[in-house]
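Note that the coordinates shown come from a computational prediction; the quantities given were computed from them, not determined experimentally. We name chains A, B, ... by the order of the sequence lines, and we start the count at 1 in each one.
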2 protein chains.
Amino acid sequence: MSARQDQEQEQELEPYIDLNEAPITSPNKIKIMETAIDLFSHRGFSGVSIRDITKEVGIKESSLYNHFRSKDELLGTIFLNFRRSVTRIMPPKEHLESILGTMSPELFLKQGLTNFMKHIDDPVMEKVWRIVYLEQYRDPLARDIYLNDIVGAILSFMESVFARWIALGRIKPADPRVLAAEYQYPLFAMVGVYVLLRVDGQSTWDIETGMREHVDFFVSKIME
Amino acid sequence: MSARQDQEQEQELEPYIDLNEAPITSPNKIKIMETAIDLFSHRGFSGVSIRDITKEVGIKESSLYNHFRSKDELLGTIFLNFRRSVTRIMPPKEHLESILGTMSPELFLKQGLTNFMKHIDDPVMEKVWRIVYLEQYRDPLARDIYLNDIVGAILSFMESVFARWIALGRIKPADPRVLAAEYQYPLFAMVGVYVLLRVDGQSTWDIETGMREHVDFFVSKIME
DNA sequence: GTCTATAGGGAGATAGAC
DNA sequence: GTCTATCTCCCTATAGAC
């Protein structure tokens, strides 16, 4: 699923930012966000009340309104930070060219998948993924994040990767748009299943194996 | 996506059934169900109140409790009927053998996709699909329906189809489980996108084209 | 099988003291 | 930036008349 392929990914401890892009430093404000992420990811946005959140944080309802104007602004702030985080999964354009010329397609795809799974396995990020999936059908912003920032952005990134590989003669010629779809859509579905299985703490061994088998199958079909 | 491949699918006007499998005949009870389906599909289960439903139906809140013991029972009844409907997408075992021997794999897959899309395009069913996707992360029953009745059942059905084709020498030998995953997972993801786009009434032309391109690509890879 | 009336509680949000 | 107190409204569900 495409990622900083250049090296081991250092742990990113970027602070949360608010809707004005200012870093969030107040411990209670951070605690409110992470508590909200935890609760929303289990019961959905409308299934969680301000009371639930503040009770867990250990403050009164009214105190929350010193940090966020409304429940919607709280969710919006969570989504804003998720967007930024997802963008950082893919390697920056300026490094891409040299990576594609040297690393084998197979290794590139496998390492991309590994990095992507690392993003999803982050304890906080996993919950936000769940919220995005969960709110997709109710919240236009969540829908936009999924369709554009995730599906759209990754597909177009992968299309450019395949196009470059074809130009370099590293894989068999084909429509790079179709290749991107064939490679990526199964992973989207499998990630959905993966996230879902983890809700109940069920085993994800089968689906993780499925992802690796998909990469192998796909690589065998595109290589000369 | 596999379906009654035998012929044009007659319009199924099977009545809804209640949790005791008894047909639902009361017009108001049917109206409650379809109103609930409509509202749940847009705002989610916990985003819709009994008041919203009964106001739309034109009865008082208390009257609803003559038909359903609780809001949960109402949702459970909707899901029960959905389960039955999904099972009927796939052709019965006894017809399968003769279909697989005569119909070309390409035609089988294309007609299966057409029939599946017909199921999703039914105005009521489309909304229930949306509810299932929407409630997956919150409701264990919705999760079970998606993972088992949809993903699991269709994958294992397709696995048996590919295994049979391989035994008949109609496609190249390969692991039928991997083939089923490679064929089906992209469609699951694309159907998710399709349903999502329709929430806002956006164009689904691209994703429908993507589905057809996937079938073509896949067929070209498995045929001798 | 519908209605009126109401119980009993939870929701989001605000005012104003400290 | 926290608190207490409160407003106003909505929630699911039930009792009992017709």
Side-chain angles (χ1 to χ4, degrees), chain A residues 15-20 22-79 131 134-135 138-139 141, chain B residues 15-20 22-79 131 134-135 138-139 141:
Chain A
Y16 296 115
I17 56 167
D18 65 21
L19 295 186
N20 301 318
I24 294 175
T25 54
S26 157
N28 264 356
K29 186 159 183 171
I30 294 171
K31 204 170 171 192
I32 289 169
M33 280 188 67
E34 299 195 334
T35 302
I37 288 171
D38 185 57
L39 295 177
F40 290 162
S41 77
H42 285 102
R43 312 209 299 262
F45 178 75
S46 64
V48 174
S49 69
I50 298 286
R51 286 211 235 281
D52 294 330
I53 297 167
T54 54
K55 187 178 171 187
E56 191 83 12
V57 172
I59 57 173
K60 294 295 165 188
E61 292 99 291
S62 55
S63 297
L64 184 142
Y65 292 92
N66 275 303
H67 300 291
F68 300 96
R69 276 186 214 285
S70 69
K71 201 184 166 192
D72 277 319
E73 187 178 296
L74 171 53
L75 181 63
T77 306
I78 291 169
F79 280 157
I131 299 173
L134 182 54
E135 298 300 326
R138 196 201 60 89
D139 184 329
L141 178 55
Chain B
Y16 296 114
I17 57 167
D18 65 21
L19 295 186
N20 301 317
I24 294 176
T25 54
S26 156
N28 264 357
K29 187 159 183 172
I30 294 171
K31 203 170 171 191
I32 290 170
M33 280 188 67
E34 298 195 334
T35 303
I37 288 171
D38 185 57
L39 295 176
F40 290 162
S41 76
H42 285 102
R43 312 208 299 262
F45 179 75
S46 63
V48 174
S49 68
I50 299 286
R51 283 211 240 282
D52 294 330
I53 298 167
T54 54
K55 187 178 170 190
E56 191 83 13
V57 172
I59 57 172
K60 295 294 167 187
E61 293 100 291
S62 55
S63 297
L64 184 141
Y65 293 92
N66 275 304
H67 300 291
F68 301 95
R69 277 185 213 283
S70 69
K71 201 183 166 191
D72 278 319
E73 187 179 297
L74 171 54
L75 181 63
T77 306
I78 291 169
F79 281 156
I131 299 173
L134 182 54
E135 298 299 326
R138 198 201 60 87
D139 184 329
L141 179 55

Rounded to the nearest angstrom, tell me the gap between atom [atom1] in [X] and atom [atom2] in [N].
| X | N | atom1 | atom2 | answer |
| --- | --- | --- | --- | --- |
| B:His67 | C:dC3 | NE2 | C1' | 13 Å |
| A:Phe45 | C:dA11 | CZ | P | 13 Å |
| A:Arg43 | C:dG10 | CZ | P | 13 Å |
| B:Arg69 | D:dT14 | CZ | P | 10 Å |
| B:Glu73 | D:dT12 | CD | P | 15 Å |
| B:Glu61 | C:dT6 | CD | C1' | 11 Å |
| B:Ile50 | D:dA13 | CD1 | C1' | 9 Å |
| B:Lys55 | C:dC3 | NZ | P | 15 Å |

Inset, instruction - For B:Asp52 and B:Ser49, test the side chains for any donor-to-acceptor distance below 3.5 angstrom and give the result as yes or no. - result: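 B:Asp52 vs B:Ser49: donor-acceptor pair found between side chains.
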
Inset, instruction - Pick base, sugar-phosphate or nothing for B:Val57, based on heavy-atom distances below 4.0 Å to the nucleic acid. - result: nothing

Within the pair [X] and [N], is there a side-chain N or O less than 4.0 Å away from OP1 or OP2?
| X | N | value |
| --- | --- | --- |
| B:Ser63 | C:dC3 | yes |
| B:Ser49 | D:dC10 | no |
| A:Lys60 | D:dC3 | no |

Legend entry - Donor-acceptor pair (no angle test) under 3.5 Å: B:Ser62 side chain, C:dT4 base: yes

Between [X] and [Y], what is the shortest heavy-atom contact and its length?
| X | Y | answer |
| --- | --- | --- |
| B:Leu134 | B:Ser41 | CD2-O, 4.1 Å |
| B:Phe40 | B:Lys71 | CE2-CE, 4.4 Å |
| B:Asp18 | B:Lys29 | CB-NZ, 4.3 Å |

Inset, instruction - State which of C:dA11, C:dT4, D:dT12 makes the closest approach to the side chain of A:Arg51. - result: C:dA11

Inset, instruction - Please determine, for the side chain of A:Tyr65, which listed nucleotide (D:dA13, C:dC3, C:dG12) has the closest atom? - result: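 Side chain of A:Tyr65 sits closest to C:dG12.
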
Inset, instruction - Determine yes or no for a side-chain-to-main-chain donor-acceptor pair under 3.5 angstrom, with A:Asp139 supplying the side chain and A:Leu141 the backbone. - result: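 Here the side-chain-to-backbone pair exists.
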
